[in-house]
Colleague: 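The structure follows.
Throughout, numbering of the chain's residues begins at 1 and tracks the sequence.
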Amino acid sequence: MARFDYKLLYALHTVMQEQSFEGAALKLHISQSAVSQRIKALEEYVAQPVIIRGQPIIATATGQKLLRHYRQVQQLESVLNDDLLLDESEQLVNISVAVNADSLATWFISAIASLLQSRSIALNLLILDETRTTEKLQSGEACAAISSNARILPGYQAFELGKVKYLLVASPAFKQRYFADGINAASLQFAPGVSFDAKDNMHTRFIEQHFELSANSYPRHTVPSSEAFVELARQGAAYCLIPELQIKQELASGDLVNLLPDKAHIETLYWHTWGLAGGIYRQLADVIQTRGREMLNEKSVEV
C-alpha cells in the first residue's frame with residue numbers, strides 16, 4: 001500500500017474539529033469543494049466512508065482510526081520539535097484532554113497551571129462523565145484522558161491517580177423538608193436528585209445500591225455542571241452526590257449537611273495517555289501524576 005497523503009488526513013481532522021466543511025475550508029485556506037474532494041480522495045483510498053455527514057459530523061470506525069493515527073503523528077512531531085528547537089517554550093502545541101467535570105471543578109486546573117504558564121499550549125478540554133472519557137481516546141479526539149476506567153486501551157498506558165470521595169449532601173432546609181423522618185426508599189421517591197447528563201449513572205447506581213430504587217422511581221434534575229450541583233444543593237433545590245474535596249467549606253459552615261455519614265461513594269481515577277507519549281505530552285503526564293496524586297491526597301501506583 002502506498003503512503004498516506006497527510007494533507008487528506010489533515011482535512012479529515014479539520015472537518016471533525018470545525019464540524020463543517022465550510023469552517024474547514026476557511027481554516028485550511030482552500031475552497032469548500034477542495035475540502036470535499038480531499039475527503040472523497042481519502043475515502044477512495046481506504047475504500048470506505050470516513051465520516052457520516054450530518055449534524056454533528058461523525059467519524060466512522062475507519063475515520064476514528066485515521067484520526068487517532070494522525071494525532072499520534074502530531075504528537076511525534078511535537079516531541080521532535082522539542083528535541084530540535086532551542087526555544088521549545090515558544091512552539092505552540094495543541095493538546096486535547098478528555099476530563100470529567102468534577103476533576104475540572106476541583107483539582108485539574110491547579111495541577112496543570114504551572115505547565116500552562118511555562119509552555120505555549122492551546123488546551124482543548126472535552127468534558128464527559130468519568131466513565132466515558134476514554135471514548136475520546138478511541139475516537140482520536142483526545143491524546144489523554146482522566147477516567148474511572150482502569151482498562152488500558154491498545155497502544156495506551158494508564159496510571160492510577162487516586163480516589164475521590166463523594167458524599168450525598170443537601171441543605172438543612174431540604175433535609176427538613178424531604179428527610180425529616182430519615183432518608184429511605186419511601187422519602188427518596190419525592191426528593192429531586194441530580195444527574196450530570198442522560199448517560200451519567202453515578203447517582204442512580206448509588207441510590208440503587210443503598211436503597212434498591214431504580215432510576216425511574218424518583219425525580220432527578222439533569223445538569224451538566226459540577227458547580228451547579230453545589231449551587232442546587234446550597235439553594236435547597238436538590239440533594240446531590242458531590243466530591244468532598246469540592247464542598248469542604250460548605251460542610252464546615254453548615255450550608256450543606258452529609259445525609260449519609262456512614263456511607264460514601266469512592267471513585268478511583270486514572271490518567272490514560274498514548275504509550276509513546278514524549279516531550280510536552282510526557283511533561284503533561286508527569287505533572288498530572290505528581291500534582292494530581294498530591295491534590296487527591298492518595299498514594300497511587302502505576303497500573
Colleague: Are I146 and L128 joined in one hydrophobic group, where the rule is that I, L, V, M, F, W and Y side chains link up if heavy atoms are under 4.5 Å apart?
Modeller: no
Colleague: Whether the side chain of H272 engages the backbone of C143 through a donor-acceptor N/O pair (distance < 3.5 Å, no angle test) should be reported.
Modeller: no
Colleague: Using a 3.5 Å cut-off and no angle test, enumerate the donor-acceptor pairs between side-chain atoms of residues 184-195 and protein atoms at least two apart in sequence or in another chain.
Modeller:
unit_1, atom_1, unit_2, atom_2, d
N184, OD1, A186, N, 3.1
N184, OD1, S187, N, 2.8
N184, OD1, S187, OG, 3.2
S187, OG, G182, O, 3.2
S187, OG, N184, N, 3.0
S187, OG, N184, O, 3.2
Q189, NE2, A185, O, 3.2
S195, OG, R220, NE, 2.9

Colleague: Could you tell me if the side chain of Y270 sits less than 4.5 Å from the side chain of L161, heavy atoms only?
Modeller: no
Colleague: Cluster question for you: counting only ILVMFWY and a side-chain heavy-atom cut-off of under 4.5 Å, with indirect links fine, are L8 and I52 together?
Modeller: no
Colleague: Using a distance-only test with no angle check, is there a side-chain donor-acceptor pair under 3.5 angstrom linking Q246 and T106?
Modeller: no
Colleague: Does any pair with a residue in residues 231-263 pass ring pair (Phe, Tyr, Trp, His ring centres under 6.0 Å), and if so which ones, sequence neighbours excluded?
Modeller: F179-Y239, H203-Y239
Colleague: Centroid-to-centroid, H13 to Y70, below 6.0 Å?
Modeller: yes
Colleague: Look at the rings of F206 and H265 and say which category their plane angle falls in: under 30° parallel, 30 to 60° tilted, over 60° perpendicular.
Modeller: perpendicular
Colleague: What distance do I127 atom CD1 and D102 atom CG have between them, rounded to the nearest 0.5 Å?
Modeller: 10.5 Å
Colleague: Rounded to the nearest 0.5 Å, how far does CG of L296 lie from NZ of K165?
Modeller: 14.0 Å
Colleague: According to the salt bridge (Lys or Arg N to Asp or Glu O under 4.0 Å) rule, which pairs have a member within residues 185-201, sequence neighbours left out?
Modeller: R132-D197
Colleague: Are S36 and S33 close enough that a side-chain donor and a side-chain acceptor fall under 3.5 Å?
Modeller: no
Colleague: Side chains of Q17 and K27: any donor to acceptor distance under 3.5 Å?
Modeller: yes
